[in-house]
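Here's the structure we're looking at; comments come further down.
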2 protein chains.
Amino acid sequence: MLQLSKKVEYGLIALRHMAMKPNGNVVTTKELANEYDLPYELLAKIMQKLVKGGVVRSLQGVKGGYTLAQKPSELKVASIIRIIEDSKPMVAECYTDGPDGCYLFYNCTIRRPLGKLQRNLNVLFDRMTVQEII
Amino acid sequence: MLQLSKKVEYGLIALRHMAMKPNGNVVTTKELANEYDLPYELLAKIMQKLVKGGVVRSLQGVKGGYTLAQKPSELKVASIIRIIEDSKPMVAECYTDGPDGCYLFYNCTIRRPLGKLQRNLNVLFDRMTVQEII
DNA sequence: ATAATGTCCGACCCCACAAGTCCTATATTC
DNA sequence: GAATATAGGACTTGTGGGGTCGGACATTAT
């Protein structure tokens with residue numbers, strides 16, 4: 001209920017790990033999976049998403065791996081969630097999908113008030129960065 | 001992702017509806033289900049939970065129904081969620097279940113930082129009341 | 001008293017989606 | 001060219017949210 005997904009958790013753990021390494025130091029999926037006992041393949045997928053999201057850079061081949069593409073202080077948790085989940089953290093689907101996503105939409109009486117909650121939530125996730133979880 | 005459940009949404013809609021009725025006016029599940037086109041049985045379950053949670057009072061029999069047991073300004077959204085979901089809104093399960101709930105627990109590197117997020121979230125849901133969604 | 005109409009509540013189904021797995025292709029190093 | 005890394009599509013599995021059904025009990029009206 002209202003929880004972050006495992007994917008996001010794993011992603012944050014990985015990013016934190018990288019943020020603590022000396023700059024430019026590559027980290028492999030294997031290393032991460034071993035260190036934190038995370039499912040390798042799943043983590044690999046997450047890392048690939050982070051690459052596409054521009055959060056980390058990848059180096060292929062032997063001696064390959066990942067490095068941060070941005071400073072930890074610039075990596076907003078909100079962005080990480082958006083990249084990994086393909087959507088912002090939302091309190092209700094109607095804020096993403098619009099009228100088509102919810103058959104109540106037009107006569108939904110709690111949409112506006114929830115909007116307030118949503119905005120506060122946005123602020124929360126926008127403020128927090130990877131820097132803070134080191 | 002991080003969404004409120006339908007149950008909570010329905011519950012809020014119902015409470016709002018009741019909050020707008022003249023004091024002491026009973027509202028039936030049927031009336032609510034029709035008015036907002038919500039699944040009757042599910043809504044009934046939710047209402048029962050709200051009764052157990054002390055948020056609404058029930059009157060059985062013909063002419064029965066529900067009335068608010070508290071002022072709308074006293075009905076915190078946080079409480080509603082807790083009552084309907086049997087748990088507080090949590091960003092990660094480890095905050096409810098403790099060590100047994102997550103095999104990472106002791107070497108989880110993001111638990112403490114997420115705790116900050118959690119506390120902020122608590123404040124958010126504690127501040128908002130049914131009064132505000134009228 | 002009995003029919004009508006409401007709550008109460010346990011048991012159940014369904015399915016979308018999160019979580020995790022498997023397999024193959026491609027890049028890089030030595 | 002062998003070893004080791006990422007890239008990525010396809011697949012399986014498990015769980016929980018959402019929804020349904022059926023019957024018991026309470027109250028009122030006739």
Side-chain angles (χ1 to χ4, degrees), chain A residues 1-11 13-14 18 25-34 36-53 55-67 69 81 84-87 89-90 92-93 96-97 101-104, chain B residues 1-11 13-14 18 25-34 37-53 56-67 69 81 84-87 89-90 92-93 96-97 101-104:
Chain A
M1 170 61 201
L2 235 152
Q3 285 181 11
L4 293 175
S5 67
K6 296 272 182 194
K7 288 185 196 173
V8 171
E9 289 186 21
Y10 298 164
I13 288 175
M18 299 171 72
N25 213 334
V26 301
V27 174
T28 68
T29 304
K30 195 178 178 184
E31 176 184 342
L32 288 166
N34 286 340
Y36 302 104
D37 197 22
L38 306 177
Y40 178 85
E41 289 89 355
L42 183 55
L43 185 58
K45 290 276 168 58
I46 295 167
M47 296 310 291
Q48 288 163 29
K49 282 212 161 188
L50 292 177
V51 170
K52 284 195 173 176
V55 167
V56 303
R57 264 187 290 267
S58 69
L59 299 174
Q60 290 199 332
V62 181
K63 294 284 179 184
Y66 301 94
T67 58
I81 295 177
I84 295 181
E85 302 284 357
D86 299 313
S87 72
M90 294 286 171
E93 58 180 342
T96 46
D97 301 341
C102 175
Y103 72 104
L104 279 177
Chain B
M1 169 64 200
L2 235 151
Q3 287 183 10
L4 292 175
S5 66
K6 296 273 182 195
K7 289 185 196 173
V8 171
E9 288 185 23
Y10 297 164
I13 289 174
M18 298 171 74
N25 213 331
V26 301
V27 174
T28 68
T29 304
K30 194 176 177 184
E31 175 183 343
L32 288 166
N34 286 341
D37 196 22
L38 306 178
Y40 178 84
E41 290 90 354
L42 184 54
L43 186 57
K45 290 275 170 59
I46 296 167
M47 297 310 291
Q48 289 161 29
K49 284 214 159 188
L50 291 178
V51 171
K52 285 194 174 177
V56 303
R57 265 188 289 267
S58 69
L59 300 173
Q60 290 198 334
V62 181
K63 293 284 178 186
Y66 300 94
T67 57
I81 295 178
I84 295 182
E85 301 285 354
D86 297 313
S87 72
M90 294 287 171
E93 58 181 341
T96 45
D97 302 340
C102 176
Y103 72 103
L104 278 178

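Throughout, a chain's letter reflects where its sequence line sits, starting with A, and its residues are numbered from 1.
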Closer to the 5' end of DNA chain D via nearest nucleotide, is it A:V62 or A:T28?
-> A:V62

Check: A:K63 side chain, D:dT6 base, donor-acceptor under 3.5 Å = no

Heavy atoms under 4.0 Å, any strand shown: does A:K49 hit a base, just sugar-phosphate, or nothing?
-> nothing

Side-chain N,O (A:Y10) to OP1/OP2 (C:dA18) below 4.0 Å = no

Where do B:M90 and A:Q3 come nearest, in terms of heavy atoms and distance?
-> O-CG, 3.0 Å

Expressed in angstrom and rounded to an integer, what is the separation of A:I46 atom CD1 from D:dA7 atom C1'?
-> 15 Å

A:Q60 CD - D:dT6 P separation (whole Å) = 9 Å

Expressed in angstrom and rounded to an integer, what is the separation of B:N25 atom CG from C:dG6 atom P?
-> 14 Å

Establish, with yes or no, whether the OP1 or OP2 oxygen of C:dG6 is under 4.0 angstrom from a side-chain nitrogen or oxygen of B:T29.
-> no

In whole angstrom, what separates B:L43's CG from C:dG6's C1'?
-> 14 Å

Is B:Y66 touching bases, backbone alone, or none of the nucleic acid, heavy atoms closer than 4.0 Å?
-> sugar-phosphate

Over how many whole Å does the gap from A:E85 atom CD to C:dA18 atom P extend?
-> 7 Å

Measure the CG-CZ distance between A:L50 and A:R57 for me, rounded to the nearest 0.5 Å.
-> 13.5 Å

Can you tell me how far the CD atom of B:Q48 sits from the CD1 atom of B:I84, to the nearest 0.5 Å?
-> 12.0 Å

When the nearest nucleotide of DNA chain D is assigned to A:Q48 and to A:G64 on a heavy-atom basis, which residue is associated with the more 5' position?
-> A:G64

In whole angstrom, what separates A:E41's CD from D:dC11's C1'?
-> 13 Å

Under-3.5 Å donor-acceptor pair between B:K45 side chain and C:dT7 base | no

Figure out the CE/P separation between A:M47 and C:dG20, and round it to whole Å.
-> 17 Å

Phosphate contact (C:dG6 OP1 or OP2) by B:K30 side-chain N/O below 4.0 Å = yes

Before accepting this row, confirm whether a basic side-chain N of the pair A:K49/A:E85 lies closer than 4.0 Å to the acidic partner's carboxylate O.
-> no

DNA chain C: 5'-proximal contact among A:S5 and A:G61 (nearest heavy atom) = A:S5

Please report the shortest heavy-atom distance between A:N25 and A:T67, naming the atom on each side.
-> O-CG2, 3.6 Å

Can you find a donor-acceptor pair, distance only, under 3.5 Å between B:K7 side chain and D:dG16 base?
-> no

